[in-house]
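Below is one structure; the comments refer to it alone.
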There are 2 protein chains.
Amino acid sequence: MPKRAKKNEEASVEAGNDNKTEPQKKREKRAKEPEAPILYKDPTDKLTNKDGRAANIKMTSWNVDGLRAWVKKNGLDWVRQEDPDVLCLQETKCAEKALPADITSMPEYPYKYWAGSEDKEGYSGVAMLCKTEPLKVTYGIGKEEHDKEGRVITAEFPSYFLVTAYVPNAGRGLVRLEYRKTWDVDFREYLSNLDKRKSVVLCGDLNVAHQEIDLKNPKGNRKNAGFTPEEREGFSQLLAAGFIDSFRELYPEQTNAYTFWTYMMNARAKNVGWRLDYFVLSIALLPSLCDSKIRNTAMGSDHCPITLHLAI
Amino acid sequence: MPKRAKKNEEASVEAGNDNKTEPQKKREKRAKEPEAPILYKDPTDKLTNKDGRAANIKMTSWNVDGLRAWVKKNGLDWVRQEDPDVLCLQETKCAEKALPADITSMPEYPYKYWAGSEDKEGYSGVAMLCKTEPLKVTYGIGKEEHDKEGRVITAEFPSYFLVTAYVPNAGRGLVRLEYRKTWDVDFREYLSNLDKRKSVVLCGDLNVAHQEIDLKNPKGNRKNAGFTPEEREGFSQLLAAGFIDSFRELYPEQTNAYTFWTYMMNARAKNVGWRLDYFVLSIALLPSLCDSKIRNTAMGSDHCPITLHLAI
DNA sequence: CATACAACG
DNA sequence: CGTTCTATG
């Protein structure tokens, strides 16, 4: 697992040319297209906690489904508008040396951490970009069997741990459900141990819709990856261990709130989605919670980003 | 090897939609874009033979480098303008059942023949589309070892055989040169045997530049696939067996006449190319030869099409 | 550089 | 449906 942080690098340039093939046009598009539509800060974000204390930390998490494609689709323009203090990305599907200069050279985030799959190139992978330097950054959850796929980065800040995770998908036909169950147990133990030392913020694609309210089609998906009783129970046990689902805490009745839509069957246009991406907090952080939002207008992946505001 | 001819089929329709991802735009492009630039019949084509007899058959050969991509790039619009009596395609890289309706339903060519690789999907593959029905169509060259990759279709017409071929590439590092040499021997024997019965027109990607005049960079390519002494000698021996290279016959001094340019290094814009595609004729057809042309303005592949006019 | 495939989601 | 990989050219 790569353990280096990256600072700025020079961008490489590509010359344009004339005999336009499709892929050439694609590249030119990336290079020349002016900007993504301008997004303003969401005026509905609540920027104070229960006691009226002002939010002072903003975090965004996004499963980008291929970082290179997402960059070409101007995902970074959205990030610049959102301007979080920490940006966590999942499913980067990109070796560290293949990262686009657009992101490795981003001056807004001088502290950047990357984890990729050791065996399979272009599989899994997570990243964390920070405006301020963490006290310490670690990779994985301390168990050989889980730490070869670039799924977890943990950053220690003065008053909390920030963990970003891309939880293993149980797979078509649930071929990897048994593995997922062992993951859920070990990951919960990892988080509980952190929680004994400092409060924890966990964010990322947890690859489970917890309750029926968390996906459009609960009935039809009980035997599908992401909504099996085993995966839902795993999430319930995580909460029982002393954590809260920040979005559901604040919006307990909110229906049709999803963070993932399959590319198939025009699911996003019909909002046939799943809530798979979360900010999960140690109970001790509940007083610091200001808002937990789903940015479902941001395009560039089959997941949308989510943003958390804390007053710490 | 598929041995069925195909007639018309219904086109399938795709609904448009709004949340535009890159691949969606690609599909819409294919559906909605008006037309490729209009091409007129080449006024420099010579449409009579030496004796002034009028050409009465027109054939086009094109290595399309992936038929599905080529269709999306409006290759068929060019074909409709060119309007040959027979169209031969190489490197279709497409299973018969995956053929786009745009080509399977083309009414101009009621008689269509397809050959694909048996083992590797999306590899090799040739096709022949005819306005008039051949007396007989066969696939391969009658040798097990050569006939599993969908490289040859032979159509028998009243006064000649038409053979279209995609000759095996000798490969990077010449890994398949030995195989290519056995192919060259067996293919020559196949053509010679046909020639004993009726005159032969051979067209396609023969994967060799015969002489130094046939590629931009002869010096640098003597050890590269397509210009090794062995491959060039194979072509020489084919000619020695009673065949002629129709283009070179008519234009013996013509330099910078190529039919293939690698996509790399902007080779086509600089005309750094190779002449790999040929109409090779039985000597007996020499009196029928009117013209043999390279259509190097036609885009859609890393090869361009070539066209033959005969007065038979 | 570009077209195919497979694996994965 | 879309991103990645690999093989092939």
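Letters go in sequence order (proteins before strands), and every chain restarts at 1.
The separation between Trp70(A) atom CH2 and dT4(D) atom C1' is 17 Å, rounded to whole Å. Nucleotide dT8(D) holds its C1' atom 17 Å from the CD atom of Gln90(B), rounded to whole Å. Distance CZ (Phe227(B)) to P (dG9(D)): 20 Å, rounded to an integer number of Å. Regarding Arg172(B), its CZ atom lies at a distance of 12 Å from the P atom of dC1(C), rounded to whole Å. The interatomic distance linking Asn169(B) (CG) with dA4(C) (C1') rounds to 15 Å, in whole Å. Across the protein-nucleic acid pair, Asp277(B) atom CG and dG9(D) atom C1' stand 13 Å apart, rounded to whole Å. The distance from atom CH2 of Trp261(A) to atom C1' of dG2(D) is 16 Å, rounded to the nearest whole Å. Spacing between atom CZ of Phe260(A) and atom C1' of dC1(D) amounts to 10 Å, rounded to whole angstrom units.
Listed pair Lys73(B) / dA2(C) fails the phosphate criterion, with no side-chain N or O lying under 4.0 Å from OP1 or OP2.
Distances from the side chain of Asp65(A) to the nucleotides dT3(C), dT3(D), dG9(C) place dT3(D) closest. Nearest nucleotide to the Ala69(A) side chain, out of dG9(C), dT4(D), dG9(D): dT4(D). For Tyr263(A), whose side chain is taken as the heavy atoms from C-beta onward, the closest listed nucleotide among dG2(D), dT3(C), dC1(C) is dG2(D).
In this structure, the salt bridge (charged side-chain N to carboxylate O under 4.0 Å, His left out) partners of Asp214(A), at least two apart in sequence or on a different chain, are Arg248(A), Arg275(A). Considering only residues two or more places apart in sequence or on other chains, His210(A) meets the ring pair (Phe, Tyr, Trp, His ring centres under 6.0 Å) condition with Phe235(A). Partners of Ala69(A) under the side chain to side chain contact (heavy atoms under 4.5 Å, CB included) rule, at least two apart in sequence or in another chain, are Lys73(A). With sequence neighbours left out, the salt bridge (charged side-chain N to carboxylate O under 4.0 Å, His left out) criterion links Arg295(B) to Asp42(B), Asp45(B), Glu82(B). Taking the side chain to side chain contact (heavy atoms under 4.5 Å, CB included) definition, one finds that Lys219(A) meets it with Glu212(A), Arg222(A), sequence neighbours left out.
Taking a cutoff of 4.0 Å between a charged side-chain nitrogen and a carboxylate oxygen, Asp184(B) and Arg180(B) qualify as a salt bridge.
Partner Trp62(A) forms a ring-ring contact (aromatic ring centres under 6.0 Å, His included) with one of Phe260(A), Tyr166(A), Trp70(A) and no other, that one being Trp70(A).
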Listing time: all N or O pairs from protein to nucleotides 5-7 of chain D that are below 3.5 Å?
residue, atom, partner, partner atom, Å
dC5(D), OP1, Arg68(A), NH2, 3.2

